[in-house]
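For reference, the structure discussed in these notes is given below.
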Amino acid sequence: MDKPIELTLEQQFSIRSFATQVQNMSHEQAKDFLVKLYEQMVVREATYKELLKHQWGLDAGSSWAA
């Protein structure tokens with residue numbers, strides 16, 4: 001994974017659009033938005049972990065799970 005991931009044109013546009021939206025926010029709106037965005041990131045990470053545990057058979061239903 002030494003090579004950086006290249007974003008598609010659509011992803012680059014989405015980032016640019018997002019940056020424009022943030023620029024137009026008030027300071028308070030930006031702070032609130034940042035907290036909500038972080039919360040979504042944490043939930044996404046937890047979801048990925050649960051999906052991987054299930055996929056790899058490490059969930060509680062597994063006969064050899066700790």
Side-chain angles (χ1 to χ4, degrees):
M1 287 215 126
D2 293 333
K3 183 179 176 187
I5 296 174
E6 301 224 5
L7 300 177
T8 66
L9 212 50
E10 182 180 2
Q11 291 167 324
Q12 292 175 29
F13 176 79
S14 178
I15 292 170
R16 194 96 183 223
S17 174
F18 179 79
T20 301
Q21 291 175 16
V22 172
Q23 286 295 324
N24 294 328
M25 289 180 184
S26 71
H27 188 71
E28 280 302 311
Q29 287 173 318
K31 289 193 318 186
D32 289 342
F33 184 75
L34 187 58
V35 170
K36 289 176 185 171
L37 184 61
Y38 183 74
E39 180 182 2
Q40 287 179 358
M41 289 170 46
V42 170
V43 168
R44 180 183 293 176
E45 181 181 358
T47 301
Y48 287 158
K49 285 180 180 180
E50 286 301 312
L51 288 171
L52 286 174
K53 280 187 350 188
H54 177 73
Q55 183 67 29
W56 293 343
L58 300 176
D59 52 352
S62 175
S63 60
W64 53 275

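All heavy atoms count here, side chains included; hydrogens, waters and symmetry mates do not.
- Residues meeting the side chain to side chain contact (heavy atoms under 4.5 Å, CB included) test with Q12, sequence neighbours left out: L7, L9.
- With sequence neighbours excluded, no residue forms a side chain to side chain donor-acceptor pair (under 3.5 Å) with T20.
- Under a 3.5 Å cut-off, the side chain of E45 and the backbone N or O of V42 do not form any donor-acceptor pair.
- Residue pairs meeting the ring pair (Phe, Tyr, Trp, His ring centres under 6.0 Å) criterion with at least one partner in residues 12-35, sequence neighbours excluded, are F18-F33.
- Every residue meeting the side chain to side chain contact (heavy atoms under 4.5 Å, CB included) condition with E50, not counting sequence neighbours, appears here in chain and number order: K53.
- For the salt bridge (charged side-chain N to carboxylate O under 4.0 Å, His left out) test, residues two or more places apart in sequence or in another chain that qualify with E28 are K31.
- Across Q11 and E6, no two heavy atoms sit closer than the pair OE1-O, 4.5 Å.
- Going from atom CG of D59 over to atom CG of L51 covers 10.5 Å, rounded to the nearest 0.5 Å.
- Judged as a salt bridge (charged side-chain N to carboxylate O under 4.0 Å, His left out), and not counting sequence neighbours, E10 has no contacts.
- In this structure, M25 CE and L34 CG are separated by 9.5 Å, a value rounded to the nearest 0.5 Å.
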